[in-house]
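We number each residue from 1, following the sequence as shown.
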Amino acid sequence: QVQLVESGGGLVQPRGALRLSCQVTGNTRNYWNIGWFRQVPDKAREGIASISSADGSTYYADSVKGRFTVSRDSAKNRVDLQMNALKPEDTGIYYCAATNIYLTPQLLGVASLWDVWGQGTQVTVST
């Protein structure tokens, strides 16, 4: 099993940028794909980006495509989410999650298939 800890959230103005990190600890020798999700009150948790442990393939939700970039530093067991051109509707609690299911774009739409979750970090986009 692995443990996940997010960091890097905060308050940013519209059109600004933030970089979130997901530190992976524990049994990192196994095959773990990492996804980023976000949650706002009264809405379902939204999968926004994922990256494959096997080949580095990445997938994005349409809502963030072209603005967010997910990357992996295998030596540091860390996955980052670079968020540019932020909008007020990007506000929410951001979580990273891990799964060892073969990664496909559709996996972002099924939160229940992600086995391990971090505690979340708040991102607020506002003037």
Side-chain angles (χ1 to χ4, degrees):
Q1 193 72 304
V2 294
Q3 294 81 43
L4 308 176
V5 178
E6 303 94 338
S7 61
L11 174 65
V12 63
Q13 293 188 343
R15 295 179 298 280
L18 274 178
R19 189 175 186 90
L20 305 183
S21 292
C22 176
Q23 186 66 50
V24 184
T25 59
N27 188 6
T28 59
R29 292 173 297 176
N30 287 349
Y31 178 95
W32 290 103
N33 301 310
I34 299 295
W36 284 95
F37 294 75
R38 64 186 179 193
Q39 179 104 56
V40 297
D42 301 323
K43 287 191 176 181
R45 191 167 292 190
E46 177 190 14
I48 56 174
S50 61
I51 186 165
S52 167
S53 173
D55 61 7
S57 297
T58 56
Y59 304 103
Y60 298 94
D62 288 341
S63 58
V64 305
K65 200 171 292 183
R67 300 187 298 123
F68 291 11
T69 303
V70 60
S71 61
R72 187 174 201 122
D73 186 334
S74 297
K76 296 182 179 179
N77 292 322
R78 195 182 76 204
V79 173
D80 292 339
L81 182 69
Q82 178 65 42
M83 307 186 295
N84 298 329
L86 283 161
K87 306 174 183 179
E89 52 263 43
D90 293 318
T91 294
I93 301 175
Y94 282 67
Y95 299 89
C96 62
T99 183
N100 55 15
I101 295 173
Y102 179 76
L103 196 65
T104 64
Q106 292 77 20
L107 209 56
L108 280 174
V110 190
S112 61
L113 294 182
W114 296 79
D115 303 299
V116 183
W117 293 80
Q119 83 288 351
T121 186
Q122 176 71 45
V123 172
T124 303
V125 185
S126 175
T127 56

Is the shortest side-chain heavy-atom distance between Thr127 and Pro14 below 4.5 Å? yes
So does Asp90 pair up with Lys87, basic N to acidic O under 4.0 Å? no
Here the pair of heavy atoms bringing Leu103 nearest to Ile51 is CD2-C, 3.4 Å
Evaluate Arg19 against Ser71 for side-chain contact (heavy atoms from CB on, under 4.5 Å), listing each step before the verdict. CA-CA 11 Å; Arg19 189 175 186 90; Ser71 61; 3.8 Å; yes
How long is the span from the SG atom in Cys22 to the CG atom in Asp73, to the nearest 0.5 Å? 12.5 Å
Let me see the working for Glu6 and Leu20 under side-chain contact (heavy atoms from CB on, under 4.5 Å), right down to the final yes or no. CA-CA 7 Å; Glu6 303 94 338; Leu20 305 183; over 6 Å; no
Validation row: Ser126, Leu11 side chains within 4.5 angstrom (heavy atoms): yes
Out of curiosity, Leu86 CG to Phe68 CZ, how far, rounded to the nearest 0.5 Å? 5.0 Å
Verify, without hydrogens or angle tests, whether Gln23 (side chain) and Lys76 (backbone) share a donor-acceptor contact under 3.5 angstrom. yes
Check whether Trp117 forms a cation-pi arrangement with Arg45 (NZ or CZ under 6.0 Å from the six-membered ring centre, at most 45° off the ring normal). yes
Classify the angle between the aromatic ring planes of Phe37 and Trp114 as parallel (below 30°), tilted (30 to 60°) or perpendicular (above 60°). perpendicular
Could you tell me whether the side chain of Ser52 and the main chain of Ser57 form a donor-acceptor pair under 3.5 Å? no
I want to check something: taking the side chain as every heavy atom from C-beta on, are Gln3 and Val116 in contact at a cut-off of under 4.5 Å? no
Is a donor from one side chain sitting under 3.5 angstrom from an acceptor on the other, for Gln82 and Asn84? yes
Nearest heavy-atom contact between Glu46 and Ala61 is OE2-CB, 4.4 Å
Take Met83 and Val123 through the test side-chain contact (heavy atoms from CB on, under 4.5 Å) and record every step on the way to the result. CA-CA 10 Å; Met83 307 186 295; Val123 172; 4.0 Å; yes
Quick check: closest heavy atoms across Gln122 and Thr91, and the distance to 0.1 Å? NE2-CG2, 4.0 Å
With side-chain contact (heavy atoms from CB on, under 4.5 Å) as the test, pick out the partner of Ile48 among Tyr60, Tyr59, Tyr94. Tyr94
What I'd like to find out is whether the side chain of Gln1 reaches to under 4.5 Å of the side chain of Asn27, using heavy atoms alone. no
So, for Ile101 and Leu113, which heavy atoms are closest and what is the spacing to 0.1 Å? CD1-O, 3.6 Å
Could you measure the distance from the CG atom of Leu81 to the OG1 atom of Thr121? Nearest 0.5 Å is fine. 11.0 Å
Which pair of non-hydrogen atoms, one from Ala98 and one from Ile34, has the smallest distance, and what is that distance? CB-CD1, 3.8 Å
Taken to the nearest 0.5 Å, the spacing of Gln13 CD from Thr124 OG1 works out to 13.0 Å
Can Ile93 be reached from Val40 by stepping across I, L, V, M, F, W or Y side chains whose heavy atoms are under 4.5 Å apart? no
Taking Thr99's backbone N and O only, do any of them form a donor-acceptor pair with Asp115's side chain (distance below 3.5 Å, no angle check)? no
Tell me the closest heavy-atom pair linking Tyr95 and Gln119, and the distance in Å. CE2-O, 3.6 Å
Leu4 and Val24: side-chain contact (heavy atoms from CB on, under 4.5 Å), yes or no, with the steps? CA-CA 5 Å; Leu4 308 176; Val24 184; 3.7 Å; yes
